[in-house]
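Protein chains get the first letters and strands the later ones, always in sequence-line order, with residue 1 at the start of each. Only this structure's heavy atoms are used, side chains among them; waters, hydrogens and symmetry mates stay out.
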Amino acid sequence: MAQKPSIPKGTRDFSPAEVAKRNYIFGKIKSQFKNFGFQPIETPSFENSDTLMGKYGEEGDRLIFKILNSGDFLKKADEKLLQEKDSLKITSSISEKALRYDLTVPFARYVVQHQNEIDFPFKRYQIQPVWRADRPQKGRFREFFQCDADVVGSKSLWQEVEFVQLYDAVFDSLGLKGVTIKLNNRKVLSGFAEVIGEQDKLIDFTVALDKLDKIGEEGVKKEMREKGIAEIALEKIQPIFNLQGDFGQKIQGIKDILATSEIGKAGIAELEFIEKAIAAIPLKSAKLELDVTLARGLNYYTGAIFEVAAPEGVKMGSIGGGGRYDDLTGIFGLKDMSGVGISFGLDRIYLVLEELGLFPETVTENTRVLFINFGEEEALYALKVISELRRNKIVAELYPDAAKMNKQMKYADKREIPFVVLAGGEEMQQEKFTLKNMKTGEQYTISATELMEKIS
RNA sequence: GUGGUUGUAGCUCAGCUGGUUAGAGCGCCGGAUUGUGGUUCCGGAGGUCGCCGGUUCGAAACCGGUCUUCCACCCCA
């Protein structure tokens with residue numbers, strides 16, 4: 001056998017069954033997006049490098065796939081950097097395009113570029129693949145789909161409320177009950193940093209805090225100390241390690257800590273607004289939870305931060321995330337354009353639905369009826385009815401070769417086609433068809449009209 | 001990017017401290033059954049053991065490199 005071909009690390013092929021299941025999820029998400037009034041846009045797979053570089057932090061730049069310039073790219077490369085073999089610096093002189101890393105930054109670019117054609121507030125959704133040069137793990141790929149819904153041009157907190165409802169609506173329609181929508185607010189995190197006098201270490205502080213559920217209280221404190229956060233500061237924020245109870249009780253717990261912080265109090269007010277609205281219009285099956293350790297997400301979040309966790313017992317990273325960013329388009333020169341949005345991780349949702357057996361059986365059903373091929377005349381006889389069936393939206397097909405019956409039947413069985421029609425010389429004379437139900441084994445010889453009724 | 005792990009038939013895997021022609025189950029193909037699949041029985045095909053190099057009289061096994069898989073870190077959907 002020749003050397004088997006392969007695909008790059010972290011990419012996947014999808015079989016017909018997998019595509020059917022993925023389309024099922026896409027369909028549910030898309031239909032809720034539309035239901036909430038979002039409109040679709042699409043952007044190119046690759047952008048100019050300077051649109052993407054520097055927008056995701058140092059770590060992000062490393063994970064962006066760069067596209068080599070076409071032609072003799074070494075000729076135009078910086079001679080000195082080439083000599084020095086400085087990969088980091090040479091990149092910009094041999095690559096000026098890169099694959100998109102997420103959908104949010106390209107969206108910001110889109111908004112700025114088309115600002116005069118857009119009616120604000122602009123609600124858009126976008127379902128496209130993104131690429132990251134990450135090391136693959138379970139539920140982590142180098143090519144994967146994001147399903148984003150964002151609103152730009154409104155600071156209203158009702159948007160946040162709607163996004164919580166949107167998450168709930170999507171997961172409910174997928175039959176995925178018991179997901180937890182975790183909510184936090186950047187202003188609360190800033191408040192913590194302010195109260196302990198470590199504003200300049202906000203990022204280090206939040207990154208460490210975010211790991212609470214993973215490395216525990218002591219682990220977090222250890223990391224904070226390593227980052228130079230004072231012992232007395234740790235004492236001050238001690239209560240956030242002991243928060244318990246429901247949303248309201250947790251809010252009470254942080255109110256005391258943030259009493260002296262204006263920004264912290266603003267954050268609390270936002271959280272309370274959202275909670276109150278959701279309490280008034282209950283969610284169908286998701287839980288809304290305050291999680292002050294939630295700091296995930298990109299540096300540009302300024303208000304609400306969302307993350308969705310799979311139901312308890314399912315080992316999977318977050319299946320969605322999002323937040324408010326007051327100045328995303330600022331980096332492209334458009335000021336005062338607040339945005340808020342959420343993202344669904346299609347590939348991870350797929351894995352969760354698969355694990356819990358939540359895909360409806362009908363998702364993968366393809367052909368409804370297969371006609372056995374007995375020869376030229378019989379095939380023509382069959383094809384006439386097949387055309388009629390297709391006009392009635394019944395998926396029907398003829399086995400292409402007059403192969404042995406055994407082979408044709410096996411084929412139908414393997415593909416789990418529920419009905420088979422046998423029409424040979426005898427049936428042709430009577431202008432009838434023998435219909436076999438593959439599940440029960442029953443079969444009848446009936447007319448074309450009856451056939452249509454039986455299998456529709 | 002750092003550390004670890006995995007790779008043997010189409011699939012899931014066995015293969016002892018290195019020892020002749022590398023096995024199983026499932027699947028595939030053919031037959032029993034030329035108008036009846038899913039069960040059964042009989043027969044058959046299919047592998048330069050991920051790839052490259054090294055050690056050895058001898059390598060699927062040991063060593064190095066590389067690619068791939070999964071895991072932890074980093075980060076994240």
Side-chain angles (χ1 to χ4, degrees), chain A residues 1-12 15 25 29 56-64 87-88 101-104 127-148 203 207-208 210-211 214-215 219 223 294-299 306-310 315-323 341-352 370-375 378 399 402-428 433-443 445:
Chain A
M1 199 199 319
Q3 174 79 30
K4 264 195 210 166
S6 64
I7 56 175
K9 184 200 291 213
T11 65
R12 296 148 303 157
S15 65
I25 302 174
I29 293 175
Y56 309 99
E58 221 176 293
E59 196 63 26
D61 282 358
R62 203 196 79 212
L63 299 176
I64 292 172
S87 312
L88 214 61
Y101 176 88
D102 73 356
L103 301 178
T104 309
I127 298 178
Q128 290 190 280
V130 303
W131 296 268
R132 297 186 184 176
D134 207 354
R135 283 229 182 150
Q137 282 178 37
K138 184 178 181 182
R140 234 177 151 167
F141 309 96
R142 297 182 117 177
E143 176 183 62
F144 62 97
F145 269 79
Q146 283 190 335
C147 313
D148 275 28
I203 300 288
V207 165
D210 187 51
K211 295 178 187 164
K214 219 168 189 176
I215 60 178
E223 184 165 331
L294 181 61
R296 295 287 177 89
L298 309 166
N299 305 330
F306 301 109
E307 181 169 304
V308 182
K315 268 190 94 181
M316 180 60 64
S318 65
I319 55 177
I342 59 173
S343 181
F344 291 83
L346 171 101
D347 299 274
R348 290 189 177 178
I349 294 170
Y350 182 105
L351 292 170
V352 171
L370 178 78
F371 283 67
I372 301 295
N373 188 331
F374 288 106
E378 292 90 337
Y399 193 90
K404 281 187 184 171
M405 171 83 110
N406 185 284
K407 187 166 179 161
Q408 299 192 44
M409 291 299 285
K410 264 194 176 156
Y411 179 76
D413 191 52
K414 283 279 160 55
R415 284 189 48 195
E416 297 184 328
I417 295 172
F419 295 100
V420 164
V421 168
L422 301 95
E426 250 176 70
E427 283 89 348
M428 283 171 74
F433 300 86
T434 297
L435 173 71
K436 172 161 181 148
N437 181 324
M438 293 297 277
K439 209 160 194 177
T440 62
E442 292 172 305
Q443 62 182 57
T445 301

When the distance from [atom1] of [X] to [atom2] of [N] is rounded to whole Å, what number comes out?
{"X": "A:Ile64", "N": "B:A77", "atom1": "CD1", "atom2": "P", "result": "14 Å"}
{"X": "A:Gln137", "N": "B:U6", "atom1": "CD", "atom2": "C1'", "result": "15 Å"}
{"X": "A:Phe144", "N": "B:C75", "atom1": "CZ", "atom2": "P", "result": "16 Å"}
{"X": "A:Glu143", "N": "B:C76", "atom1": "CD", "atom2": "C1'", "result": "17 Å"}
{"X": "A:Lys211", "N": "B:C73", "atom1": "NZ", "atom2": "P", "result": "9 Å"}
{"X": "A:Asp134", "N": "B:C73", "atom1": "CG", "atom2": "P", "result": "13 Å"}
{"X": "A:Asp210", "N": "B:C75", "atom1": "CG", "atom2": "P", "result": "9 Å"}

Listed partners of A:Ala133 passing side-chain contact (heavy atoms from CB on, under 4.5 Å), at least two apart: A:Phe65, A:Arg142
Residues in side-chain contact (heavy atoms from CB on, under 4.5 Å) contact with A:Glu442, at least two apart in sequence or another chain: A:Thr440, A:Tyr444
Spacing of the [atom1] atoms in [M] and [N] (rounded, Å):
{"N": "B:C75", "M": "B:A60", "atom1": "P", "result": "44 Å"}
{"N": "B:G44", "M": "B:G25", "atom1": "P", "result": "13 Å"}
{"N": "B:U69", "M": "B:G37", "atom1": "P", "result": "41 Å"}
{"N": "B:U40", "M": "B:U48", "atom1": "P", "result": "31 Å"}
{"N": "B:G38", "M": "B:G27", "atom1": "P", "result": "10 Å"}
{"N": "B:C52", "M": "B:C57", "atom1": "P", "result": "23 Å"}
{"N": "B:G54", "M": "B:C13", "atom1": "C1'", "result": "29 Å"}
{"N": "B:C67", "M": "B:U21", "atom1": "C1'", "result": "31 Å"}

Those residues that, when tested against [X], pass ring pair (Phe, Tyr, Trp, His ring centres under 6.0 Å) (two or more places apart):
{"X": "A:Phe141", "value": "none"}
{"X": "A:Phe433", "value": "A:Tyr381"}
{"X": "A:Phe374", "value": "none"}

Detail all sub-3.5 Å separations between protein N/O atoms and N/O atoms belonging to nucleotides 65-67 of chain B.
none

Using the test salt bridge (Lys or Arg N to Asp or Glu O under 4.0 Å), find all partners of [X] that sit at least two apart in sequence or belong to another chain.
{"X": "A:Lys9", "result": "none"}
{"X": "A:Asp347", "result": "A:Arg12, A:Arg22"}
{"X": "A:Asp413", "result": "none"}
{"X": "A:Glu378", "result": "none"}

For A:Ala412 against A:Met438, the heavy-atom pair lying closest together: CB-CE, 4.2 Å
Contiguous Watson-Crick or G-U pair runs (3 or more, under 3.5 Å) in RNA chain B: B:1-4 with B:70-73, B:10-13 with B:23-26, B:28-32 with B:40-44, B:50-54 with B:62-66
A:Thr11 and A:Glu143: CA distance, side-chain angles, deciding distance, side-chain hydrogen bond (donor to acceptor under 3.5 Å, both in side chains) verdict: CA-CA 6 Å; A:Thr11 65; A:Glu143 176 183 62; 5.8 Å; no
Report which part of the nucleic acid [X] touches: base, sugar-phosphate, or nothing (heavy-atom distance under 4.0 Å, all strands).
{"X": "A:Gly139", "result": "base"}
{"X": "A:Phe145", "result": "nothing"}
{"X": "A:Ser343", "result": "nothing"}
{"X": "A:Val130", "result": "nothing"}

Quiz item: A:Arg135 side-chain donor-acceptor pair to B:U2 base, under 3.5 Å: yes
Closest to the A:Arg62 side chain, choosing from B:A77, B:G1, B:C75: B:G1
Shortest side-chain distance from A:Val207, nucleotide among B:A77, B:C70, B:C75: B:C75
Upstream residue (5' side of RNA chain B) when A:Gly60 and A:Ala133 are each assigned their closest nucleotide: A:Ala133
Of A:Ile215 and A:Phe141, the one whose closest RNA chain B nucleotide lies more 5': A:Ile215
Beyond-backbone contact of A:Ile25 with A:Phe344, side-chain heavy atoms, under 4.5 angstrom: no
side-chain contact (heavy atoms from CB on, under 4.5 Å) partner of A:Phe371, chosen from A:Val420, A:Val421, A:Leu422: A:Val421
Do any N or O atoms of the protein come closer than 3.5 Å to N or O atoms of nucleotides 32-39 of chain B, and which pairs are they?
residue : atom : partner  : partner atom : Å
B:G35   : O6   : A:Glu427 : OE1          : 3.1
B:G35   : N1   : A:Glu427 : OE1          : 2.9
B:G35   : N1   : A:Glu427 : OE2          : 3.0
B:G35   : N2   : A:Glu427 : OE2          : 2.8
B:U36   : O2   : A:Lys436 : NZ           : 3.0
B:U36   : O2   : A:Gln443 : OE1          : 3.4
B:U36   : N3   : A:Gln443 : OE1          : 2.8
B:U36   : N3   : A:Gln443 : NE2          : 3.2
B:U36   : O4   : A:Gln443 : NE2          : 2.6
B:G37   : OP1  : A:Asn406 : ND2          : 3.4
B:G37   : O2'  : A:Asp413 : OD2          : 3.3
B:G37   : N7   : A:Lys436 : NZ           : 3.3
B:G37   : O6   : A:Lys436 : NZ           : 3.3
B:G37   : N1   : A:Met438 : O            : 2.6
B:G37   : N2   : A:Asp413 : OD1          : 3.0
B:G37   : N2   : A:Met438 : O            : 2.7
B:G37   : N3   : A:Asp413 : OD1          : 3.3
B:G38   : O4'  : A:Asp413 : OD2          : 3.0
B:G38   : N2   : A:Lys439 : O            : 3.4

